[in-house]
Amino acid sequence: MTRPCRKWVNASIGRIEMERMRSAETHLLRIDLPALPGLTLYLKDETTHLTGSLKHRLARSLFLYALCNGRIGPDSTLVEASSGSTAVSEAYFARLLGLRFVAVMPQTTTLEKQAEIVSNGGEIHLVDDPASIYATARRIADEAGGCYLDQFTFAERAVDWRSDNIADSIFSQMAAEEHRVPTWLVCGAGTGGTSATIGRYVRHRGLSTMLCLADPLESVYHRHMADPRIRIWPNRRSVIEGIGRPQVEASFVPELIDRTIAVPDAASIAAARVMSEFLGRRCGGSTGTNLWAAFAILKEMAAVGEKGSLVTILCDSGDRYRSTLFDDGWLAAQGLSCADHEAQLRQFLRPASPTSRASMDDAPYGRVVNQ
């Protein structure tokens, strides 16, 4: 690729910075848990970004990183390997700069995500073997003389972990809460960029918060944490899109993880469904994985009388999974049953007494406060 015109690069960075300035910060939702006195759950709601997910932050950073490193020019074709949400956000930023964007994704990616990519001006290239998305994306970029954005390599280095990131936002919003420094922060890992940003920020600020990785059962990351020699897990793939990988990605930094909880797909889906009922809007599967791990930790804290707070992330909207995770017929075809897991989760969100239950208004299992 020829060296991009500096004037065009400067103008492109300016457009992205203007987009950032126009974007509001996302909400931090406080969830009261009458069944777990002394403990509070907070949800960082990343679904309110313009492109509907946590990946909006990552896509912005990846574009700035590529621009500042001279990898994108005015005629570049941009290509990404993705399970969907990153590609939705990258399609948005590519259209902002007037560039062609191609998303390379597994055939199993939900139709809803595919439609969002197209609506943002992107193109879709589907592959049968999920493990081939990397090589296919690189080949398409090379053939077009373009740029493979490569989130799985650059996520942890493109984001500034010192400030102006999701961790900075969370801790700023927690500043006036009773337990302003959460005991735990729970997140999943796809690229590993979010966990790296949070882990580094916590250390940089000298905070006591511990970081838990919520990982799909059919993912390599929790296995790698138990045995660093394991870097590939070629067995059955999880149906939870966006987190969990068959290989340890370059952006995953295991040294920053304090604990790992492996979550079965049925438990993730159950948590997504139950919290969707509670909030009155759908949550995605990766959010469900986070929530299952979060409630496991909260239950342990309650058992020993520990008080404090825990923060986890609402990653994307469940509307992107209407045809899969929220479709009973699809679940049955996958051999997944969520009823037992749903029953367990409802115990955490159920009001403590008939009196408190009567004051819950429209929330069937509890209440959300301080929005």
Evaluation steps, side chain to side chain contact (heavy atoms under 4.5 Å, CB included), between Leu50 and Arg22: CA-CA 10 Å; Leu50 286 172; Arg22 293 192 300 268; over 6 Å; no
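- Atom CD of Gln247 is separated from atom OG of Ser219 by 11.0 Å, given to the nearest 0.5 angstrom.
- The line from CZ of Arg162 to OH of Tyr201 is 12.5 Å long, rounded to the nearest 0.5 Å.
- Tyr42 and Glu177 form a side-chain donor-acceptor contact under 3.5 Å, judged by distance and modelled atom types alone.
- Nearest heavy atoms, Ala272 versus Phe326: O-CZ, 4.3 Å.
- Salt-bridge check for Glu277 with Arg273: failed, with every basic side-chain N at 4.0 Å or more from each acidic carboxylate O.
- Using the six-membered ring where Trp is involved, Trp161 and His204 have ring planes that are perpendicular, over 60° apart on the 30 and 60° scheme.
- With rounding to the nearest 0.5 Å, the separation of CD in Gln114 from CD1 in Ile124 is 4.5 Å.
- Test His27, Arg57, Lys55 against Glu46 for side chain to side chain donor-acceptor pair (under 3.5 Å) and you get one pass: Arg57.
- Defined by atom type and a distance below 3.5 Å, a donor-acceptor pair is present between the side-chain atoms of Asp265 and Ser238.
- Within the model, atoms OG of Ser12 and CZ of Phe93 stand 12.5 Å from one another, a figure rounded to the nearest 0.5 Å.
- Atom OG of residue Ser85 and atom CD of residue Glu241 lie 8.0 Å apart, to the nearest 0.5 angstrom.
- A cation-pi arrangement is absent between Arg205 and Phe171, since the terminal nitrogen or guanidinium carbon is not both under 6.0 Å from the aromatic centre and inside a 45° cone about the axis.
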Let's go through Ser89 and Leu58 carefully: what are the C-alpha distance in whole Å and the side-chain angles of both, what is the deciding distance for side chain to side chain contact (heavy atoms under 4.5 Å, CB included) to 0.1 Å, and is it a yes or a no? CA-CA 8 Å; Ser89 299; Leu58 173 60; over 6 Å; no
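- For Leu345 against Ala271, the heavy-atom pair with the smallest separation is CD1-CA, 3.2 Å.
- Expressed to the nearest 0.5 Å, how far OG1 of Thr47 lies from NE2 of His56 amounts to 13.0 Å.
- In summary, the side chains of Thr197 and Asn165 do not present any donor paired with an acceptor at a separation below 3.5 Å, with no hydrogens or angles considered.
- The one candidate from Asp45, Asp316, Asp319 that meets the salt bridge (charged side-chain N to carboxylate O under 4.0 Å, His left out) condition with Arg281 is Asp45.
- Checked by atom type, the side-chain pair Ser132/Asp129 shows no donor-acceptor distance below 3.5 Å.
- What you find for Gly73 and Leu99 is that their closest heavy atoms are O-CD2, 3.5 Å.
- Ser251 and Thr191 are not linked by any side-chain donor-acceptor pair at a separation below 3.5 angstrom, with hydrogens and angles left out of the test.
- Side-chain contact check for Thr86 and Glu90: no donor-acceptor pair (N or O, by modelled atom type) lies under 3.5 Å.
- In terms of modelled atom types and a separation under 3.5 Å, the side chain of Asn290 and the main chain of Leu314 share no donor-acceptor contact.
- Side chains of Ser323 and Glu112: a donor on one and an acceptor on the other come within 3.5 Å.
- With hydrophobic clusters built from ILVMFWY side chains whose heavy atoms lie under 4.5 angstrom apart, Leu217 does not share a cluster with Tyr221.
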